[in-house]
Amino acid sequence: TAPGASAGLFTVACGGAVDVDDTPATQVTCNVTDVGTITDINVYLNIDDPVDPGFVFVDDYTSITLSNSSHSATLFEGTQSFALGNMDATFDDEAVGPATPGPIVGTFTPVTSLHTAFDNDELFGTWTLAILDEFIPGEGNELFSWNLVVTTADQPQVQVPEPSSFALLGFGLAGLVRARRRKAAK
């Protein structure tokens, strides 16, 4: 593949943020330096209470949205059911179904299709995760980590001449130089 290009399946670790249950939305960015055309993208989130693990009302989040410079997709919308539980989840269009109230642990379909939003987009650039809590903000929940799990299409191959091609070119140039010197000597 071309220098700096990525092809295939890989994970981009995007870090975390403190106190992500707030109004206006907490926005966490991830600057991706890998390049490639997206053919599949999934998003992993780990949200919990750092003081009292598992004592989180992630279901009261109004929305969790992923965006790049061109598109956005809603991963999760809470039902404000007061269901207790953390979020240790992957959002994947191929999952069986959406997240339900309570601990959100496993793999779930996003609210908005990630394929529709991001397939054929360029991976390189700034990605933003926006977490909005309008129901009961300020509980101190923490985004421990989030990752983009991405499959990209193969990048165009850079054609590099074979060593024998260079040798052939060298012999040809040497022959031209010799012929020119002969002609000049006559």
Show your working on side chain to side chain contact (heavy atoms under 4.5 Å, CB included) between Leu75 and Leu114 and close with a plain yes or no.
-> CA-CA 8 Å; Leu75 304 174; Leu114 296 169; 3.8 Å; yes
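- Proximity of a side-chain donor or acceptor of Asn147 to a complementary backbone N or O of Val149 within less than 3.5 Å is not detected.
- Minimum heavy-atom separation, Val111 to Glu77: CG2-N, 3.8 Å.
- In the hydrophobic clustering of ILVMFWY residues, with side-chain heavy atoms under 4.5 Å counting as a link, Val28 and Val12 come out together.
- At least one side-chain heavy atom of Thr152 sits under 4.5 Å from a side-chain heavy atom of Phe10.
- Residues Leu66 and Trp146 meet the side-chain proximity criterion, which asks for heavy atoms closer than 4.5 Å.
- Here the side chains of Asp48 and Asn141 are not in contact, with every heavy-atom distance at 4.5 Å or above.
- Counting heavy atoms from C-beta outward, Ile47 and Ile131 have side chains that approach closer than 4.5 Å.
- Looking at every heavy atom in both residues, Thr23 comes nearest to Glu134 through OG1-CA, 3.5 Å.
- Taking all atoms of both residues into account, the shortest heavy-atom contact from Glu122 to Gly36 is OE2-N, 2.8 Å.
- Taking the six-membered ring where tryptophan is involved, the planes of Phe118 and His71 are perpendicular, since the angle between them exceeds 60° and thus also 30°.
- Under the 4.5 Å side-chain heavy-atom criterion for ILVMFWY residues, no single connected hydrophobic cluster contains both Leu132 and Val43.
- Residues Tyr44 and Thr11 fail the side-chain proximity criterion, which asks for heavy atoms closer than 4.5 Å.
- Between Ile104 atom CD1 and Asn86 atom CG the span is 8.5 Å, to the nearest 0.5 Å.
- At a threshold of 4.5 Å between non-hydrogen side-chain atoms, the residues Asp121 and Asn68 count as touching.
- One side chain, Ser113 or Asp93, offers a donor N or O that lies under 3.5 Å from an acceptor on the other.
- If you chain together hydrophobic residues whose side chains sit under 4.5 Å apart, Trp127 and Phe76 fall into the same group.
- Annotation: side chain of Leu129 is in contact with side chain of Leu143 (closest heavy-atom distance under 4.5 Å).
- How far NE2 of His115 is from CG of Asn42: 7.0 Å, rounded to the nearest 0.5 Å.
- A distance-only check finds no donor-acceptor pair linking the side chain of Glu142 to the backbone of Val20 [under 3.5 Å].
- Under the disulfide bond (SG atoms under 2.5 Å apart) criterion, no residue pair touches residues 55-106, with sequence neighbours excluded.
- In this structure, Val32 and Phe124 have side chains that are not in contact, with every pair of non-hydrogen atoms separated by 4.5 Å or more.
- Closest non-hydrogen pair, Thr79 versus Pro101, comes out as OG1-CG, 3.7 Å.
- Residue Ile38 forms a side-chain contact (heavy atoms from CB on, under 4.5 Å) with just one option from Asp119, Asn120, Thr151, and that option is Asp119.
- Here Leu9 contributes atom CG and Asp40 contributes atom CG; the two are 8.0 Å apart, rounded to the nearest 0.5 Å.
- The OH atom of Tyr61 lies 8.0 Å from the OG1 atom of Thr26; values are rounded to the nearest 0.5 Å.
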Show the numbers, then the answer: is there a side chain to side chain contact (heavy atoms under 4.5 Å, CB included) between Asn31 and Thr33?
-> CA-CA 6 Å; Asn31 294 311; Thr33 58; 5.7 Å; no
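- Between the Thr90 side chain and the Thr107 main chain, no donor and acceptor come within less than 3.5 Å of each other.
- Among residues at least two apart or in separate chains, disulfide bond (SG atoms under 2.5 Å apart) pairs with a member in residues 13-126 are Cys14-Cys30.
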